[in-house]
> 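Have a look at the structure that comes next, please.
Residue numbering restarts at 1 for every chain, and letters A, B, ... go by the order of the sequence lines.
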2 protein chains.
Amino acid sequence: MSWSGQGDHTGRRGYHHGNLREALIDAALHLIAEKGPAGFTIAEAARAAGVSPAAPYRHFRDAEALLAAVALRGFERFAQALAAAWSRARPDPVASFENLGRAYLGFARDEPGYYAAMFDAGLPLAAHPALLAAGDRAFGVLREATDVLCARLSKAERPPSLMVALHIWAMAHGIASLFGRGDAARRKLPMSPDDLLEAGFLVYLRGLGLLD
Amino acid sequence: MSWSGQGDHTGRRGYHHGNLREALIDAALHLIAEKGPAGFTIAEAARAAGVSPAAPYRHFRDAEALLAAVALRGFERFAQALAAAWSRARPDPVASFENLGRAYLGFARDEPGYYAAMFDAGLPLAAHPALLAAGDRAFGVLREATDVLCARLSKAERPPSLMVALHIWAMAHGIASLFGRGDAARRKLPMSPDDLLEAGFLVYLRGLGLLD
DNA sequence: TTCCTCATGTAAGTACGGTTCACATGAGTT
DNA sequence: AACTCATGTGAACCGTACTTACATGAGGAA
């Protein structure tokens, strides 16, 4: 092509869009963030990208496939965010955990579109192995962190690190789902979700025998 | 018409249905359980109830209103289930907690339609005060249980019981959301959700200073 | 350059659900 | 017996899902 492509992410460059697939994922992401996983339509995403309603079907078989692409990109960025938070404070495992928790809630808060596509869309994971794998990679970060943590306990009192990772994940996900998304749909709390999660971690880790 | 309505549970009694509102909630409940909160339509619920597609609008302004009615009934039954589990083992607070956890996960497992309407539908709670109130009543059961539990701690080491209730709720909800629903959409675990939650409770309560 | 080819976009069509409105029905009341 | 009003119907309009036949133009081969 001639007029070299620049940043305009909805911009047409002639008859061919040039980057429609990514533009559709972006459009869907914003629509999901605004109106929930059920509130986006292929037609509306096409409109946002400036193409005809039939164009998206060249890239996605149906709406679920587009949703799955959003979720896949979400899991990848989620894993990156968690890994960054984890390594940022690596010398101190407990501080790293608090970082992980903040990163988890921060992602849910700042990227509601991704988060909803990942966890609220009800995508059949069995039908999307790539999604399952990407989710496992994100969970792997958590798992690595709990491994390090559990290693500080004597073998006799060391719990299964997988179980600990699942507990941590569940509490973070529970707080994010119930309280952690924008003013849109949730309840008022006497403390911030971040503080709530941090306090929960501390109690839980104390219960494991760490801390104290 | 003539052939008088018989036992058919969606049964017409003539031109008028007789109980359409409840029949629509029931139909929506089953559709949600099968296909997720986004997978039900007013038209399909009307078809299941044996009425024309316009009839539901006499009872519900739009699909969201019908969804909210499902969620409302869900919260009421949820509160009942939790209260029953809590009182069943009241002498022993820890056993009661385990009962509560099993009841929580059991409800999510056995009533996926209600659970999805309550927590996955993305209903704007601000627009449905009755839902918020019903949710608070269910949470109240949890809150009462943690009050009793916290009362066993000396005042000096007693944590805010509201915070404890939120932690418990978050972990239960996290496990239910991530692992607790049918084979449909979730991951494989090395242990049952019930056992996972019970273990999490025990670690957490130990961290509070109860147990041991 | 010229032409070929194929990925990618468009237009038009079918089917269906959402929603509204004018109208029909019949249960309860008086 | 007649009135009334909640409740259900049918038809209409619009938007979206998805399909199919056709159009465009980018990149490669001659």
> Heavy atoms under 4.0 Å is the rule here; annotate nucleotides 15-21 of chain C 5' to 3' with B where the base is hit, S where only the sugar-phosphate is, and - elsewhere.
--SSBB-
> Applying salt bridge (charged side-chain N to carboxylate O under 4.0 Å, His left out), can you list everything that pairs with B:Glu76, at least two apart in sequence or on another chain?
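Checked B:Glu76 against salt bridge (charged side-chain N to carboxylate O under 4.0 Å, His left out); zero matches.
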> For ring pair (Phe, Tyr, Trp, His ring centres under 6.0 Å), just list the numbers for B:Tyr104 and B:Phe78, CA-CA rounded to whole Å, side-chain angles, deciding distance to a tenth of an Å, and then say yes or no.
CA-CA 8 Å; B:Tyr104 196 114; B:Phe78 189 49; 4.9 Å; yes
> In whole angstrom, what separates A:Asn19's CG from D:dA26's C1'?
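Rounded to whole Å, this separation is 16 Å.
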> Calculate, to the nearest 0.5 Å, the distance between atoms CG and CZ belonging to B:Leu82 and B:Phe139 respectively.
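Going from CG on B:Leu82 over to CZ on B:Phe139, the span is 11.5 Å.
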> A:Tyr115: what forms a ring pair (Phe, Tyr, Trp, His ring centres under 6.0 Å) with it, not counting sequence neighbours?
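So A:Tyr115 forms a ring pair (Phe, Tyr, Trp, His ring centres under 6.0 Å) with A:Phe119, A:His173.
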> Quick check on C:dA7: is either OP1 or OP2 less than 4.0 Å from any side-chain nitrogen or oxygen of A:His17?
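No, A:His17 has no side-chain N/O under 4.0 Å of OP1/OP2 on C:dA7.
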> Do you know which two heavy atoms are closest between B:Asp120 and B:Arg181, and how far apart they sit?
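For B:Asp120 and B:Arg181, the tightest heavy-atom pair comes out as OD2-NH1, 2.9 Å.
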